[in-house]
2 protein chains.
Amino acid sequence: MKNKRVGSRTVEMQHMPSIISTASIVGPKEGKGPLRDCFDKILDDDLDGEKTWELSECKMMKDTIELAVKKSDKGLKEVDYLIGGDLINQIWPFSFAARDLDVPFIGVYGACSTMAQSMCLGAMLIDGGFAQNVLAGTCSHYCTAERQFRFPLELGNQKPMTAQWTVTGAGCVLLSQYGDGPKVKYVTIGKIVDKGIKDGNNMGAAMAPAAVDTILAYFNDTNDDPNSFDLIATGDLGTVGKTITLDLLKQKNLDISKVYTDCGLEIFDLKGQDVHCGGSGCGCSAAVFSGYIYDKLKKKEFNKVMLVSTGAMLSPNSTLQKQTIPCIANAVVIVNE
Amino acid sequence: MKNKRVGSRTVEMQHMPSIISTASIVGPKEGKGPLRDCFDKILDDDLDGEKTWELSECKMMKDTIELAVKKSDKGLKEVDYLIGGDLINQIWPFSFAARDLDVPFIGVYGACSTMAQSMCLGAMLIDGGFAQNVLAGTCSHYCTAERQFRFPLELGNQKPMTAQWTVTGAGCVLLSQYGDGPKVKYVTIGKIVDKGIKDGNNMGAAMAPAAVDTILAYFNDTNDDPNSFDLIATGDLGTVGKTITLDLLKQKNLDISKVYTDCGLEIFDLKGQDVHCGGSGCGCSAAVFSGYIYDKLKKKEFNKVMLVSTGAMLSPNSTLQKQTIPCIANAVVIVNE
């Protein structure tokens, strides 16, 4: 058996799985943002015909999964595993979306790191010979996340400027052993990093050290050159987290500033859309990758991209019990080769 | 690349990973049950010196992980991935347990199917060449689960006789590419199965069809003989779920009755311990496998075992929104060969 490990934490695919299709659906606010033309569908309203926001989130996820399959030359019957999760308790939206799909199901919880986490697992299961086709996806919904993690929307609660706006959106990729499309080359799984931040309204600061840990691990493991990338995109660090990430990396003599962005800064117009520090949520990096980034990869405008989805593993109850916020970042490197 | 799929849903390990050590810690009630001598540690009380039940659950999980490593010839630094989750919102206990362990972390959510799910993923990551050593584990705690999924304990709420008793317990296995110990041979990942049950106090009935689906898939895929097993153990179906499982399998002409048990029926004395239909919770199959079953495998009293952990992917909020209960069962076959 070939050992696929590179350095201490990164693994290299031996037969790089292709991303043969993707799909993304977003909410109305995201549909007014700068990436509006990259998404497959924009919802007219947050309920989308359902009775509750949670059921709307389930529907958005299911529609996105089915659309990713429809856009490929595969059928659901050819999919070996569906991997994903979301922010809502007991990953309700994602697992309920899977009810009618009849596909073996691997539920994960990585908070907002779920998109990269699911892609990492999917790529490894294909490269390991366990699957030919894997769906990996995730979603978030502003209204469900707000009322679960913070306050009822009806309260009209105000937030500090370090807070972010949870994206209403879903993204899904179809990974395949064969087929055309950009390929997954490297995977770096994150560690739980907790630097003692307790402020749930400053997730960027909490998550930045986790992003730094994973990005450093990748570059230490591979000796890769940051400037060989067309894009390194963290998931949802926002303006505060992005600045901290660049600063901490520079302290470690790694400068990624020429190619670095954060999905939470791409999906909204920060000047015009009143989202404070930027977008957040599982759906943020999921929709930005499945829409915008994948599109650029397909057109060969990007040929080497790192997606580093970032997650804060806090619970409303852990915050009430005065606990700090453990964070994680998972990285997946996608290339046209 | 060798295709490791057998039939439609099962995969066979090419270089079977060994389970080189396990650990289990349980609460006081479980410590009075029939398996009391199989566990590594029995807590004196539900808080175990912590301020809250959730923090006690975190500590129990962390202690169990560290003990599994200590009982092996490996160190934490040699562990490539820690895989697991639990029942509590945002898998707080498991991810908080990982804070100080400094090991790449893969959080999953499979409700009470988590033990087998984590073992399945761990075995595949090792067999695929991505890892040499993987920790897989999970936990549950009666007091945290009751107050999250049902009612405050202080209410002294009564339950119907179809209800089960959430196990306070944690289990963890250390899987390794090399080394002695029983080996993981087959993995069958479950589908989401939802037969329309809405009663959160009858999880056995809700989960049984998922167990049946996965068990049937395994036997259809492999043409294996049920009586070649020393034990087929579902996770936490209890008396109601066990009966339904046997009945539904017989309707499909599969008789596993000679070798079948349910971990929820093994961990408690149903006549003397007032647990209604039996034990439940992630920790149920985790502690029973890591304690009792692993011990029998090591002694060669068992040489072929299937662990089918069963999970109900409901959320308290999904129940409030009148949704049915989606369920899943993951199976892992362990052999002495």
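Here is how names work: the chains are called A, B, and so on, in the same order as the sequence lines, proteins then strands, and each is numbered from 1. Side-chain atoms are counted along with the backbone in the values below, which use heavy atoms only and exclude waters and symmetry mates.
- A donor-acceptor contact shorter than 3.5 Å links the side chain of Q117(A) to the backbone of G107(B).
- The most heavy-atom pairs under 4.5 Å with chain B, out of A217(A), S8(A), P326(A), come from P326(A).
- In this model, a donor atom of one side chain and an acceptor atom of the other lie less than 3.5 Å apart for N89(A) and Q90(B).
- Contact of the C327(A) side chain with the T310(A) side chain is not registered, since no non-hydrogen atoms from C-beta on lie closer than 4.5 Å.
- At a cut-off of 3.5 Å, with distance as the only test, a side-chain donor of N133(A) or S176(A) sits close to an acceptor on the other residue.
- Within the 4.5 angstrom heavy-atom criterion, atoms from both the backbone and the side chain of N317(B) approach chain A.
- The greatest number of non-hydrogen atom pairs below 4.5 Å with chain A, out of L314(B), I328(B), L87(B), D102(B), is found for D102(B).
- For the set V11(B), D80(B), T52(B), V187(B), the entry with the most heavy-atom pairs within less than 4.5 Å of chain A is D80(B).
- Of the atoms belonging to I106(A), heavy atoms from both backbone and side chain fall under 4.5 Å from chain B.
- Side-chain atoms of T324(B) and K198(B) include no donor-acceptor pair closer than 3.5 Å.
- For chain B, no part of F94(A) is nearby; none of its heavy atoms comes within less than 4.5 Å.
- Side chains of S113(B) and N330(B): a donor-acceptor N/O pair is present below 3.5 angstrom, by distance only.
- Contact count against chain A (heavy-atom pairs under 4.5 Å) is highest for S315(B) among S315(B), P316(B), A98(B), A111(B).
- Side chains of T138(A) and T114(A): a donor-acceptor N/O pair is absent below 3.5 angstrom, by distance only.
- Interface remark: T214(A) contributes no atoms to any contact with chain B (heavy atom separation under 4.5 Å).
- Of all the listed residues (S95(B), G311(B), G110(B), C58(B)), the one sharing the greatest number of non-hydrogen pairs under 4.5 Å with chain A is S95(B).
- Contact of the K191(A) side chain with the R9(A) side chain is registered, since non-hydrogen atoms from C-beta on lie closer than 4.5 Å.
- Note: E54(B) leads Q148(B), E54(B), Q132(B) in heavy-atom pairs under 4.5 Å with chain A.
- No other option in R5(A), K51(A), Q323(A) has as many heavy-atom pairs under 4.5 Å with chain B as R5(A).
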